Amino acid sequence: MASANDPFQFQEFEESNLLAADRDSTTINIEDDFVNQKSPGGFTPNIDNEDPMAEDDKAELLSGEKKSTPFWTFEYYQQFFDVDTSHVKERIVGSVLPWPGKNFIHVYLRRNPDFYGPFWICTTLVFAIAISGNISTFLVNLNKPNYKYTPEFGKVTIAATAIFTYAWLVPLAMWGFLLWRNNKIMNLVSYSFMEVVCVYGYSLSIYIPAVVLWIFPFEWLRWLSILVALLLSGSVLVITFWPAVRDDQPKIIAAVMSAIVVFNVLLAVGCKAYFFSEAEPVPAPDKLTATAVVHPHTT
């Protein structure tokens, strides 16, 4: 039997006794040492196992960048209508009251063009032209005895074709031309297709009150409203696109500015000539006049 003083006998030591034996000693925690340990390259081990995708989302939100979405998704077209009423109102006022030195794209769009305002401006202008044209025709021929009013619903289709062609195809041609010139001359100012469409759409807002004045059968009032609308609408377009071509060749500058003015004049004068021309009224059939019908004589 082993003695009580046997050095090879197992003995249990309490932790409190060990700590009390040497209070000045330093204890080392292996887990804490592993957490605080850094690799030679300064890398801290990731013990929380955080999702790297979540880190990418946080970095994207902090940087203010947006992920690009495919054009066939709803989210892609949703960004074109991401605008509130105050922005649309501000852009309409800016298009009606242009000021030299205030570029419409830089001042009002702020790299956030929309299709909401241009779409409803064009739609409102279409119905304003069609309705005002019918009312004007009715007022002009009201006191003529042989006149019978018939609403011309075909004017809506013709007006829609003219307005939306101007608001979409002309900006498309302008954007393509500026893109082509920007590839040749690198220091030119470039605009996106959405920005060009937005400028042309908002520039048509001045024509809505002008078309309403065309109801009154006074030629001097109609031509005065056309002149004012052309001046304001053309000023917005010229001031906006001038920085994009001012460093180009003089012939190119003259051609672009002339094209802007000419297409604007063709739209205004064409709508006035077609929808508000004083055409001869269609006479109503005379009830007292009967056509003689000759029946063959039977034998």
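What you are looking at is a predicted structure, and each value in this text was computed from that prediction instead of being measured.
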K.L.:
Can you find a pair of side-chain heavy atoms, one from I252 and one from Q249, that are under 4.5 Å apart?
P.N.:
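Yes, their side chains come closer than 4.5 Å.
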
K.L.:
Name all residues meeting the ring-ring contact (aromatic ring centres under 6.0 Å, His included) criterion together with F138; count only those two or more places apart in sequence or in a different chain, and write none if there are none.
P.N.:
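F138 satisfies ring-ring contact (aromatic ring centres under 6.0 Å, His included) with Y149 once adjacent residues are dropped.
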
K.L.:
Just so I know, are the side chains of I226 and W214 near enough to count as touching, which here means a heavy-atom distance under 4.5 Å?
P.N.:
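They are in contact (side-chain heavy atoms under 4.5 Å apart), so the answer is yes.
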
K.L.:
Mind checking whether L232 and L97 have side chains closer than 4.5 Å, heavy atoms only?
P.N.:
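In short, these two side chains do not touch, never coming nearer than 4.5 Å.
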
K.L.:
Under the side chain to side chain donor-acceptor pair (under 3.5 Å) definition, can you give me all pairs with a residue in residues 124-137, not counting sequence neighbours?
P.N.:
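Non-adjacent pairs meeting side chain to side chain donor-acceptor pair (under 3.5 Å): S136-R222.
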
K.L.:
About how many Å separate OH of Y274 and NZ of K155, when rounded to the nearest 0.5 Å?
P.N.:
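Taking NZ in K155 and OH in Y274, the distance rounds to 7.5 Å.
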
K.L.:
Minimum heavy-atom separation for L213 to S225, with atom names?
P.N.:
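Looks like CD1-CB, 4.2 Å.
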
K.L.:
Tell me the side chain to side chain donor-acceptor pair (under 3.5 Å) pairs involving residues 170-180, sequence neighbours left out?
P.N.:
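Not a single pair qualifies under side chain to side chain donor-acceptor pair (under 3.5 Å).
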
K.L.:
Can you label the angle between the F216 ring and the F218 ring as parallel, tilted or perpendicular, going by 30° and 60°?
P.N.:
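Parallel.
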
K.L.:
Going by side-chain contact (heavy atoms from CB on, under 4.5 Å), name the residues that satisfy it together with A128, two or more places apart in sequence or in a different chain.
P.N.:
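Expected list: V211.
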
K.L.:
Is the shortest side-chain heavy-atom distance between F164 and V126 below 4.5 Å?
P.N.:
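They are in side-chain contact.
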
K.L.:
For Y108, give me all partners under ring-ring contact (aromatic ring centres under 6.0 Å, His included), at least two apart in sequence or on another chain.
P.N.:
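Y108: ring-ring contact (aromatic ring centres under 6.0 Å, His included) contacts with F104.
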
K.L.:
Within the structure provided, determine whether R91 and D114 are in side-chain contact (heavy-atom separation under 4.5 Å).
P.N.:
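Heavy-atom side-chain distance check passes, below 4.5 Å.
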
K.L.:
Who are the side-chain contact (heavy atoms from CB on, under 4.5 Å) partners of L266, not counting sequence neighbours?
P.N.:
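Partners of L266 by the side-chain contact (heavy atoms from CB on, under 4.5 Å) criterion, ordered by chain and then number, come out as V262.
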
K.L.:
Considering all heavy atoms of both residues, which atom of A167 and which atom of V197 are nearest to each other, and what is their separation?
P.N.:
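Between these two residues, the closest heavy atoms are O-CG1, 4.1 Å.
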
K.L.:
For the residue pair F241 and Y200, categorise the inter-ring angle as parallel (less than 30°), tilted (30 to 60°) or perpendicular (more than 60°).
P.N.:
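Ring orientation, 0 to 90° scale: tilted.
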
K.L.:
Should the ring pair F193 and W168 be called parallel, tilted or perpendicular, given that the plane angle runs from 0 to 90° and is split at 30 and 60?
P.N.:
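Rings of F193 and W168: tilted, 30 to 60°.
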
K.L.:
Looking at side-chain heavy atoms only, is the closest gap between C122 and L204 below 4.5 Å?
P.N.:
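Yes, close enough: below the 4.5 Å cut-off.
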
K.L.:
What residues, two or more places apart in sequence or in another chain, satisfy side-chain hydrogen bond (donor to acceptor under 3.5 Å, both in side chains) together with S95?
P.N.:
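Here the qualifying residues are S205.
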
K.L.:
Kindly state each residue pair satisfying side chain to side chain donor-acceptor pair (under 3.5 Å) with at least one member in residues 227-240, sequence neighbours excluded.
P.N.:
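Every side chain to side chain donor-acceptor pair (under 3.5 Å) pair that includes a residue of residues 227-240, provided the two are not neighbours, is S233-N264.
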
K.L.:
With side chains defined as the heavy atoms from C-beta onward, is the minimum distance between T123 and I163 less than 4.5 Å?
P.N.:
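SC-SC contact between T123 and I163 ruled out.
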
K.L.:
Would you find more than 12 non-hydrogen atoms of other residues, nucleotides or ligands less than 6.0 Å from F177 atom CZ?
P.N.:
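Yes, CZ of F177 has more than 12 neighbouring heavy atoms, counting only those of other groups under 6.0 Å.
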
K.L.:
Side-chain heavy atoms under 4.5 angstrom apart, residues restricted to Ile, Leu, Val, Met, Phe, Trp, Tyr: same cluster for W99 and L237?
P.N.:
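No, W99 and L237 fall in different hydrophobic clusters.
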
K.L.:
Could you tell me which residues satisfy ring-ring contact (aromatic ring centres under 6.0 Å, His included) with Y207, sequence neighbours excluded, listed by chain and number?
P.N.:
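Y207 satisfies ring-ring contact (aromatic ring centres under 6.0 Å, His included) with no residue once adjacent residues are dropped.
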
K.L.:
Mind checking ring-ring contact (aromatic ring centres under 6.0 Å, His included) for F263 and listing every partner two or more places apart, or none if nothing turns up?
P.N.:
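Checked F263 against ring-ring contact (aromatic ring centres under 6.0 Å, His included); zero matches.
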
K.L.:
Working note: K272 + W223, criterion side-chain contact (heavy atoms from CB on, under 4.5 Å); need CA distance, chi angles, decisive distance, verdict.
P.N.:
CA-CA 9 Å; K272 190 270 175 188; W223 286 110; 3.9 Å; yes

K.L.:
Heavy atoms, side chains only, cut-off 4.5 Å: are R246 and P243 in contact?
P.N.:
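R246 vs P243: side chains touch.
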
K.L.:
Could I get the full list of side-chain contact (heavy atoms from CB on, under 4.5 Å) partners for L139, not counting sequence neighbours?
P.N.:
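Result, side-chain contact (heavy atoms from CB on, under 4.5 Å) vs L139: I135, I215.
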
K.L.:
Within this structure, what is the CD1-CD1 distance for the pair I239 and I105, rounded to the nearest 0.5 Å?
P.N.:
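If we round to the nearest 0.5 Å, I239:CD1 and I105:CD1 are 12.5 Å apart.
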
K.L.:
Same hydrophobic cluster for L227 and L125, using side-chain heavy-atom links shorter than 4.5 Å among ILVMFWY?
P.N.:
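Per the 4.5 Å side-chain linkage, L227 and L125 are not co-clustered.
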
K.L.:
Do L231 and V236 sit in the same hydrophobic cluster, where Ile, Leu, Val, Met, Phe, Trp and Tyr count as joined when their side-chain heavy atoms come under 4.5 Å apart?
P.N.:
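They do not share one cluster, since no chain of ILVMFWY contacts under 4.5 Å joins L231 to V236.
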
K.L.:
For the residue pair H106 and Y191, categorise the inter-ring angle as parallel (less than 30°), tilted (30 to 60°) or perpendicular (more than 60°).
P.N.:
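Geometry flag for Y191 against H106: perpendicular rings.
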
K.L.:
With sequence neighbours excluded, tell me which residues meet side-chain contact (heavy atoms from CB on, under 4.5 Å) with V107.
P.N.:
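Partners of V107 by the side-chain contact (heavy atoms from CB on, under 4.5 Å) criterion, ordered by chain and then number, come out as K102.
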
